[in-house]
Participant: 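Let me give you the structure first, and then I'll get to my questions.
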There are 2 protein chains.
Amino acid sequence: MASRAKATIFDIAREAGVSKSTVSLVLQGSGLIRPETAVKVRKAIEDVGYVYNRGAANLRKAHSNVIGMVINDLTNPFFAELAVGMERVFQSAGIVPFIANTAENPVRQEEVLKSLMEQGVAGLIVSPARGTTPGAFHRLETAGVPVVFAMRRLPESRIPVIAPDNHRGAWLAAAHLIGKGHRRLAFFGGSSDLVVYHERLGGFREACEALGIAAADITVVEGETSRRGGMACLETAMSGNEPPTAALCFNDAVAFGVMLALRKRGLEPGADFAVVGFDDVVEAQHYMPALTSVSVDTAGLGERAAHAMLKMIQSRTTRAEDHIGAVNLVIRESSGPDRLAETGDAA
Amino acid sequence: MASRAKATIFDIAREAGVSKSTVSLVLQGSGLIRPETAVKVRKAIEDVGYVYNRGAANLRKAHSNVIGMVINDLTNPFFAELAVGMERVFQSAGIVPFIANTAENPVRQEEVLKSLMEQGVAGLIVSPARGTTPGAFHRLETAGVPVVFAMRRLPESRIPVIAPDNHRGAWLAAAHLIGKGHRRLAFFGGSSDLVVYHERLGGFREACEALGIAAADITVVEGETSRRGGMACLETAMSGNEPPTAALCFNDAVAFGVMLALRKRGLEPGADFAVVGFDDVVEAQHYMPALTSVSVDTAGLGERAAHAMLKMIQSRTTRAEDHIGAVNLVIRESSGPDRLAETGDAA
DNA sequence: TTGATTCATTGGAACGTTCCATTTATAGAG
DNA sequence: CTCTATAAATGGAACGTTCCAATGAATCAA
């Protein structure tokens with residue numbers, strides 16, 4: 001049982017018979033102290049059970065080496081992967097990032113950001129919650145804390161963004177489905193208060209237009225970005241009188257839901273209805289049937305974001321280049337075999 | 001663009017025409033200040049773009065209101081759910097927990113714990129990494145920081161534990177399989193350096209013994225606790241000359257892997273080989289076939305752990321009761337229909 | 001021997017807050 | 001009108017560190 005009050009550098013100094021300043025230098029690994037002294041001090045540090053007080057240090061040092069990662073939904077494996085990619089980079093830089101979850105709730109996000117600022121973070125990587133108000137990051141900006149957005153962006157904001165090429169990904173996916181012979185297509189899931197949503201839907205629409213699909217043959221159903229949301233989307237779409245035969249889903253979770261709902265209706269995903277997801281989470285390849293999906297290199301984007309952050313901190317700037325990551329359509333079973341020239345029936 | 005240097009309570013004081021002490025009282029919501037003064041001060045706080053410096057405050061206050069959650073594998077949805085359960089409690093207590101991931105790496109864990117201590121956490125909820133050395137939490141203990149273990153425990157440690165009844169869960173699962181008529185059983189995945197592993201395997205073994213399964217008919221294959229690990233386990237087990245017909249898996253990820261490997265071999269999980277998982281993650285019910293699994297109420301345990309932590313902090317103690325959560329076998333398709341009295345063939 | 005030069009160590013002030021002991025203002029009792 | 005009680009606001013010390021300027025010791029050139 002160590003002494004009640006926690007040890008400070010003064011205790012170490014007394015124990016080692018040096019001054020507090022010397023101890024401080026040792027702690028910072030300064031080359032100025034004599035090796036033997038350093039050894040003596042380090043021993044004392046062990047003996048008294050010293051714990052460095054970073055709060056006190058930051059009071060003087062101004063810059064803090066704590067980095068926060070604010071994630072909108074940790075239970076979504078996609079974002080968990082993102083977080084892991086970032087961590088890899090930070091780990092090799094010797095810094096421990098703190099993760100906070102906002103559960104897609106702007107109010108919670110506000111609390112989280114406030115708390116992190118009070119903690120004196122050196123920088124923040126954020127995947128903003130749905131419905132984040134434009135001013136939410138204003139305080140961060142005026143405080144001069146570097147921020148980068150990962151995966152998601154805010155409508156009008158000068159904060160740098162690291163995200164995949166959503167537009168192109170959706171374009172590729174739609175083209176793939178059309179190439180398979182589908183003529184009535186759907187876009188399932190997501191909500192229009194997300195910029196990503198418009199990017200993906202936009203790419204989808206453009207491909208349809210470019211490849212001769214009439215606007216009337218496009219079904220768009222907004223919905224929760226979850227399995228349950230996907231199930232609901234399919235039900236809605238199939239209740240129409242000329243239902244789609246293929247769908248691009250806002251993300252993989254929605255796609256999984258759509259596939260479940262298809263099975264419930266006695267339809268086989270892939271054979272009877274083509275499904276394409278977005279994000280290509282690890283489960284996509286293991287699903288039955290395996291899910292065709294737009295791969296975005298999640299962990300890679302995470303690493304990129306982390307590097308950008310480190311650079312911003314180092315160069316004391318709050319600006320950085322956006323980075324739009326390459327995407328790549330991974331074709332598996334869920335988008336089915338080629339459709340032989342069936343009836344077009346288009347209006 | 002706000003002024004360069006960050007604002008302090010002195011700036012607020014000057015702006016509002018009061019003393020720094022008054023500002024401090026307002027910040028703490030003291031009832032001693034005249035309402036009009038409080039309003040005036042609060043306005044000044046806004047005007048100067050003040051950010052509270054928690055580090056400086058903690059220097060005096062001793063207790064910090066930061067709680068850390070140290071998770072061994074965030075990409076496992078099981079632990080993500082646990083984290084979310086804890087967060088729910090902390091949120092309503094008005095505190096923002098910081099999550100850190102150790103990626104199942106004891107060295108990383110050491111860094112993470114050190115960093116959190118330096119940050120002056122008020123308490124820590126930890127799901128320790130595999131292979132954590134017995135002394136890893138010694139510093140925390142001598143520093144008097146309250147710690148609770150969630151889901152996992154260390155071999156000999158006085159730190160309170162919140163975990164499911166692993167022994168009973170495994171017992172129920174094994175009994176279920178035996179009740180279905182299986183006589184050659186396997187236990188797949190997990191590694192023996194985890195206490196949980198012994199608890200689960202122990203329950204499994206006891207049920208087998210109690211219900212008349214010969215030790216020779218039990219196959220135990222250790223392996224990674226992941227889909228890939230599960231696939232490997234199945235391959236190993238099936239290469240024997242009297243392979244098992246049913247398996248209890250260390251967790252759901254392993255079970256998913258086992259089912260994939262079965263399919264690869266042309267066997268249908270459920271019909272040709274019974275599979276039971278452990279943890280009952282959300283995907284279990286959506287899988288094809290739906291996975292029979294031992295449900296442990298993950299989020300509930302998370303909440304419990306969080307409450308325990310809050311209580312420990314409040315009562316300034318480092319001790320608390322262990323809590324072993326009830327478990328419950330959820331029977332779905334993967335454990336298959338009853339096996340008609342086939343050959344027993346037991347030795 | 002002296003002065004300059006380098007190396008190792010040191011005391012003091014500062015960082016932004018809280019808390020205690022005081023002070024000042026206001027009101028009520030005698 | 002004085003005295004006491006209460007309410008509101010305040011100055012100063014302290015928390016544990018870092019950094020700067022200063023000190024002391026050792027080495028070396030002249």
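Chain naming here is simple, since letters A, B, ... match the order of the sequence lines and numbering starts at 1 in each.
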Participant: For the residue pair Ser24(A) and Ser21(A), confirm or rule out a side-chain donor-acceptor distance under 3.5 Å.
Facilitator: no

Participant: Please report, rounded to the nearest Å, how far the C1' atom of dT23(D) is from the CG atom of Leu32(A).
Facilitator: 15 Å

Participant: Rounded to whole angstrom units, what separation is found between the CZ atom of Arg54(A) and the P atom of dT17(D)?
Facilitator: 11 Å

Participant: Given atom CD1 of Ile12(B) and atom C1' of dT17(C), what is their separation to the nearest angstrom?
Facilitator: 11 Å

Participant: Pick base, sugar-phosphate or nothing for Ile33(B), based on heavy-atom distances below 4.0 Å to the nucleic acid.
Facilitator: sugar-phosphate

Participant: Remember a base hit wins even if backbone is also touched, and classify Leu27(A) as base, sugar-phosphate or nothing at under 4.0 Å, heavy atoms.
Facilitator: nothing

Participant: Does OP1 or OP2 of dT10(D) have a side-chain N or O of Ser19(B) closer than 4.0 Å?
Facilitator: yes

Participant: Name the residue closer to the 5' end of DNA chain D, choosing between Ala56(A) and Val18(B) according to the nucleotide with the nearest heavy atom.
Facilitator: Val18(B)

Participant: Distance check needed: dG16(C) P versus Glu118(A) CD, whole Å only.
Facilitator: 15 Å

Participant: How close or far is atom C1' of dC19(D) from atom CG of Leu59(A), stated in whole angstroms?
Facilitator: 13 Å

Participant: Look at the side chain of Tyr50(B) and decide which nucleotide, out of dT17(C), dG16(C), dT18(D), has an atom nearest to it.
Facilitator: dT17(C)

Participant: Identify which nucleotide among dA9(D), dT17(D), dT18(C) has an atom closest to any side-chain atom of Ile9(B), counting heavy atoms from C-beta outward.
Facilitator: dT18(C)

Participant: Between Phe98(B) and Phe98(A), what is the ring plane arrangement, given parallel below 30°, perpendicular above 60°, and tilted in between?
Facilitator: parallel

Participant: Looking only at side-chain N and O atoms, does Gln28(B) come under 4.0 Å of OP1 or OP2 in dC19(C)?
Facilitator: yes

Participant: Given atom CZ of Phe10(B) and atom P of dA14(C), what is their separation to the nearest angstrom?
Facilitator: 12 Å

Participant: Contact between Ile67(A) and Met309(A) at the side-chain level, heavy atoms closer than 4.5 Å - yes or no?
Facilitator: yes

Participant: Using only heavy-atom distances, decide whether a donor-acceptor pair under 3.5 angstrom links the side-chain of Ser21(B) to the base of dG11(D).
Facilitator: yes

Participant: Students often get this wrong, so: under 4.0 angstrom with heavy atoms, is Ser24(B) touching a base, only sugar-phosphate, or nothing?
Facilitator: base

Participant: Report the distance from atom CD1 of Ile45(A) to atom C1' of dG16(D), rounded to the nearest whole Å.
Facilitator: 14 Å

Participant: Have a look at Gln109(B) and tell me which of Asn72(B), Thr133(B), Thr132(B), Asn101(B) forms a side-chain hydrogen bond (donor to acceptor under 3.5 Å, both in side chains) with it.
Facilitator: Thr132(B)

Participant: Can Val96(A) and Phe90(A) be said to form a side-chain contact (heavy atoms from CB on, under 4.5 Å), step by step?
Facilitator: CA-CA 7 Å; Val96(A) 176; Phe90(A) 289 131; over 6 Å; no

Participant: When you check the phosphate oxygens OP1 and OP2 of dA7(D), does a side-chain N or O of Arg34(B) lie under 4.0 Å from one of them?
Facilitator: no

Participant: Measure CZ/Arg60(B) against P/dT18(C) and give the value in whole Å, please.
Facilitator: 10 Å

Participant: Tell whether Lys20(A) reaches the base of dG12(C) with its side chain through a donor-acceptor pair below 3.5 angstrom.
Facilitator: yes

